[in-house]
Amino acid sequence: GLSLWLMPNDPLRTKLRGIINDVAEAETSPKFEPHMTIISIPFPSSTPELSGALTPILQKYKDLKLQFKSLFVGSSYFISVVISLQKTPPLSVFQQEVVQCLHSALGIDIPPKEFFPHISLYYGETSTEERDRIASSIRANGVSSDEDGLAVNGAAESLPNEIWVVQTEGSVRDWKVLEIVKLES
């Protein structure tokens, strides 16, 4: 398909990438860039450059924070072990504006889909027990949680500064970044 990813900023992105790579090596699972998927759709017949349309949205939401909620163990390949994010009103409106922008740019209908904001740390088809074990090892690697929420290396949130347009066809290692839209400073 075609996916739009909101990217955490550094140094957090580097720390998350390290966690993902460590888990991937230990579990023989795919490595990927840490991201929050804004929207995924079937790959369109043509994909115009999207930076002109997405840059104003990214600029408008330059103070948008990804607030960490919890380490979540899911039950599907792409939602195996993730950092769930607070579904704040600004994040929800941002996501809706990006979806509308994509709809306008591509001229296709995008069916509504439940928005579950998260940053995956592990992709895999494994048992709940295995996912729980992987989540425990991630907690030992700088991800902590308490009644106030979740922190990664002490950070409880991230200010994203890029949207990546990614062709997510085939296996994870075959995914291709088509375009990077950066927040203009």
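Fair warning: this is a prediction, and the values are worked out from it, not measured in the lab. One-based numbering along the sequence shown.
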Do V172 and Y123 have side chains that get closer than 4.5 Å, going by heavy atoms? yes
Residues P8 and H35: closest non-hydrogen pair is CD-CA, 4.2 Å
CG/N9 to OG1/T14 distance, rounded to the nearest 0.5 angstrom? 9.5 Å
Let's go through I57 and I163 carefully: what are the C-alpha distance in whole Å and the side-chain angles of both, what is the deciding distance for side chain to side chain contact (heavy atoms under 4.5 Å, CB included) to 0.1 Å, and is it a yes or a no? CA-CA 10 Å; I57 297 172; I163 295 175; 5.6 Å; no
Among side-chain atoms of S3 and T168, is any donor-acceptor pair under 3.5 angstrom? yes
Flag, side chain of S120 to backbone of F78, donor-acceptor distance under 3.5 Å: yes
Salt-bridge contact R133-E27 (side-chain N to carboxylate O under 4.0 Å): yes
Do R13 and R17 touch side chain to side chain, with heavy atoms closer than 4.5 Å? yes
Quick one: does K87's side chain have a donor or acceptor within less than 3.5 Å of a partner on S92's backbone? no
Apply the test side chain to side chain contact (heavy atoms under 4.5 Å, CB included) to residues N161 and D10: give CA-CA distance (whole Å), side-chain angles for both, the deciding distance (0.1 Å), then the verdict. CA-CA 9 Å; N161 57 359; D10 267 324; over 6 Å; no
Hey, does L159 have a side-chain heavy atom less than 4.5 Å from the side chain of L64? no
Is there a chain of hydrophobic side chains (I, L, V, M, F, W, Y, each step under 4.5 Å between heavy atoms) that links F116 to L66? no
So, taking the atom named CD1 in I180 and the one named CH2 in W164, what distance separates them when rounded to the nearest 0.5 Å? 5.0 Å
Rounded at 0.5 Å granularity, tell me how far CG in L91 sits from NZ in K65. 13.0 Å
Residue pair F115, F94: steps toward the ring-ring contact (aromatic ring centres under 6.0 Å, His included) verdict: CA-CA 11 Å; F115 178 50; F94 167 81; 8.7 Å; no
T88 to Q67 - nearest heavy-atom pair and separation: CG2-OE1, 3.0 Å
Give a yes or no answer on whether the side chain of R131 reaches the backbone of V73 with a donor-acceptor pair at less than 3.5 Å. no
With distance as the sole test, does H118 use its side chain to make a donor-acceptor pair with the main-chain N or O of L85 at under 3.5 Å? no
Please test L50 against L4 for side chain to side chain contact (heavy atoms under 4.5 Å, CB included), starting from the C-alpha separation and ending with a verdict. CA-CA 10 Å; L50 296 170; L4 299 184; 4.2 Å; yes
Could you tell me whether the side chain of L54 reaches within less than 4.5 Å of the side chain of V165, counting heavy atoms only? yes
Below 4.5 Å, heavy atoms only, C-beta onward: do L121 and V82 meet side chain to side chain? no
At what distance, to the nearest 0.5 angstrom, does CE of M7 lie from CD1 of I119? 9.0 Å
Would you check, one step at a time, whether the test side chain to side chain contact (heavy atoms under 4.5 Å, CB included) holds for I41 with I108? CA-CA 10 Å; I41 60 170; I108 60 171; 3.8 Å; yes
Measure the shortest side-chain to side-chain distance between F32 and I20 over non-hydrogen atoms and say whether it is less than 4.5 angstrom. yes
Ignoring hydrogens and geometry beyond distance, is a side-chain donor-acceptor pair present between E179 and S51 at under 3.5 Å? yes
Between F72 and I79, is any pair of side-chain heavy atoms under 4.5 Å apart? yes
Just checking D174: does its CG atom have more than 12 heavy atoms from other residues, nucleotides or ligands closer to it than 6.0 angstrom? yes
Does Y77 offer a backbone N or O that forms a donor-acceptor pair with the side chain of S80 under 3.5 Å? yes
Between K60 and E97, is there a side-chain heavy-atom distance shorter than 4.5 Å? yes
When rounded to the nearest 0.5 angstrom, what is the spacing between CE in M36 and CH2 in W5? 12.5 Å
Going hydrophobic residue to hydrophobic residue with side-chain gaps under 4.5 angstrom, can you get from L178 over to V181? yes
Between Q95 and I38, is there a donor-acceptor pair closer than 3.5 Å when you use the side chain of the first and the backbone of the second? yes
S29 (side chain) donor-acceptor with Y122 (main chain) under 3.5 angstrom: no
Taking every heavy atom of D109 against every heavy atom of P111, the minimum-distance pair comes out as O-CD, 3.7 Å
Distance-minimising heavy-atom pair for S46 and P48: O-CD, 3.7 Å
Working to the nearest 0.5 angstrom, can you tell me the gap between T55 OG1 and L183 CG? 9.0 Å
I'd like to know if the side chain of E169 reaches the main chain of G1, judged simply by a donor and an acceptor atom lying under 3.5 Å from each other, with no hydrogens or angles considered. yes
Would you name the heavy atoms of E162 and L58 that are closest together and state the gap between them? CA-CD2, 4.0 Å
In terms of heavy-atom contacts, L71 and V81 come closest through CD1-CG1, 4.2 Å
